[in-house]
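Start at 1 and go down the list; that is how both ligands and their atoms are numbered. Residues: numbered from 1 along the sequence shown.
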Amino acid sequence: MSRTWSVDEHLADILARVRPLEPIELPLPEAQGCVLVEGIEVPTALPPFDNSSMDGYAVRAADIAGASEEKPTVLEVTGEVAAGSGALPTVAEGTAARIMTGAALPPGADAVVPVEWTDGGTGEGPAESMTAEEARGEVGVHRPAEPGAHVRTRGSDVEPGASALTAGTVLGAPQLGLLAALGIATVRVRPRPRVVVLSTGAELVPPGEALGPGQIHDSNSYLLTAAARAAGAIPYRVGAVPDDPEEFRATLEDQLIRADLVVTSGGVSVGAYDVVKEALTDWEFETAVPQEEGPAEEPPAAGVEFRRLAMQPGKPQGFGLIGPDRTPILTLPGNPVSAYVSFELFVRPALRTLSGLEPVLRPAVPARLECPEPLGSPEGKRQYLRGSYAPPSEGADIGTVRPEGGSSSHLVAALARADALIVLPEKVTRARPGEEFEVLLLEESGVPSR
Ligand code: AMP
Ligand code: MG
């Protein structure tokens, strides 16, 4: 740990060495939130056939051209078509077929009259109370309809050969719905990254268990697991490993098989029992990379580098590639606020890079600082204070941000109230009320959901 790294240098190093995951074919339900790697062409028209948009009667528009309240046109009902009906009655001149929403327009018919424009049929009440056998007799239509009325024509949504979705689309609910409507069951996407979350510390006890003297609950593994899931990853929370380098290494080697990225917390500063640093510094990882066909490519070097960053909180950080697959590992400091801020600044962008999601960074907006007293900030370090952001009020150009808690990195209750990080640049030593600073919005949408 020789020179001090800036936040930007550390992030740039991570982003330069983390590659998007190889695409795989996934069933639709598993592809939610994933990025499509190739464009999808519409295979068949939507709707696939002309169909009714109302419950009513399929008619020939010409037959009812003169229909009115005073003088309804009476048509003979010769059959019915329900959604899914395969056999269709033919609608001849002077006749109608009872039809349900989504049912195919029978041959001969060119319009649908909603049941509300009729006497309901057979003079015995609304069509929806009839059985199929009762779909006989007569119907009085008291309004004319244009040809094509209440008919959803084949291909009126999309035609075959059109672009359904372009490469790079993030698959949300409507996109998955479209693919299903097109009959497409699987898609090629970048998979969600699998993240192994390990916390370290002899003092850690899982929540739900009583604390002995000097013990605390392991909050980081829960916090980081939740943050990884919110970032679109599939997290595996391993929980706390005691401060024993051998045990830490053994656990890590076991876990690598299911990791696209590893996040650890604790054990990276300069004290005694800094287990992560001790275990990973100069650890000879398995360097053999599985040989594939074709010219062998030199794999990137394995190893983890521990650094001092010019930031607060989150000064000690480690990053590297480990194991035969050169799995990225980010070792975060143990204080919960430091771990969370480090996740936001470094792990989340790495996960989004693996996923192929853009932008990789949280949205940043300017905001005016709202606090009673000026805040001190260490010179030469970029400080990330926790804050509550309020969007611009009526007539204001920018929003405001109020600090939540002080700068200490153990303040988890204040962190739980925050929805933004206030960025105090390296050169700032005093942040005065009313001054403008950049704020990173932590909510997924940028808008607090509470
Ligand atoms: P370390 O970097 O391991 O020395 O940890 C720094 C501080 O963070 C210590 O006060 C630890 O007790 C605390 N800490 C470390 N890991 C966790 C964790 N998983 N949950 C809560 N606090 C932690
Ligand atoms: Mg520790």
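- The local environment of CZ in F437 is crowded, with over 12 non-hydrogen atoms from other residues, nucleotides or ligands closer than 6.0 Å.
- In summary, the atoms of ligand 1 found under 4.0 Å from a heavy atom of G267, numbered by their order in the structure, are 1 (P), 2 (O), 3 (O).
- What sits closest to atom 9 (C) of ligand 1 on the protein, heavy atoms only, is E203 OE2, 4.2 Å.
- R307 CZ to S6 OG: the interatomic distance, rounded to the nearest 0.5 Å, is 10.5 Å.
- Listed by atom number, the atoms of ligand 1 under 4.0 Å from I216 heavy atoms are 12 (O), 21 (C), 22 (N), 23 (C).
- In the displayed structure, E358 atom CD is contacted under 6.0 Å by at most 12 heavy atoms of other residues, nucleotides or ligands.
- Those atoms of ligand 1 that come under 4.0 Å of a heavy atom in D218, given as number and element, are 18 (C), 19 (N), 20 (N).
- Between R402 and E404, at least one side-chain N (NZ, or NE/NH1/NH2) sits under 4.0 Å from a carboxylate O, which counts as a salt bridge.
- When non-hydrogen atoms are compared, ligand 1 lies under 4.0 Å from the backbone of S219 as well as from its side chain.
- Salt-bridge annotation for D8 and R382: present, with a side-chain N of the basic residue lying under 4.0 Å from a carboxylate O of the acidic one.
- At a heavy-atom distance under 4.0 Å, no atom of H410 approaches ligand 1.
- Taking atom 6 (C) of ligand 1 as the reference point, the nearest protein heavy-atom neighbour is N335 N, 3.7 Å.
- Close contacts of ligand 1 with H217, meaning ligand atoms under 4.0 Å from a residue heavy atom, involve 20 (N), 21 (C).
- No N or O atom of P336 sits closer than 3.5 Å to an N or O atom of ligand 1.
- Interface atoms of ligand 1 facing N220, defined by a heavy-atom separation under 4.0 Å, are 16 (N), 17 (C), 18 (C), 19 (N), 20 (N), 23 (C).
- Considering both main-chain and side-chain atoms, P333 never comes within under 3.5 Å of ligand 1 through any nitrogen or oxygen pair.
- Taking atom 15 (C) of ligand 1 as the reference point, the nearest protein heavy-atom neighbour is G334 O, 3.3 Å.
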### Task
Walk me through it: do S199 and N220 pass the test side chain to side chain donor-acceptor pair (under 3.5 Å)?
CA-CA 7 Å; S199 54; N220 288 351; over 6 Å; no
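- By the 4.0 Å N-to-carboxylate-O rule, R194 lies close enough to D260 to be salt-bridged with it.
- The CZ atom of R192 sits 11.0 Å away from the CD1 atom of I24 when rounded to the nearest 0.5 Å.
- Distances shorter than 4.0 angstrom occur between a heavy atom of T200 and an atom of ligand 1.
- Contact of the V35 side chain with the V189 side chain is not registered, since no non-hydrogen atoms from C-beta on lie closer than 4.5 Å.
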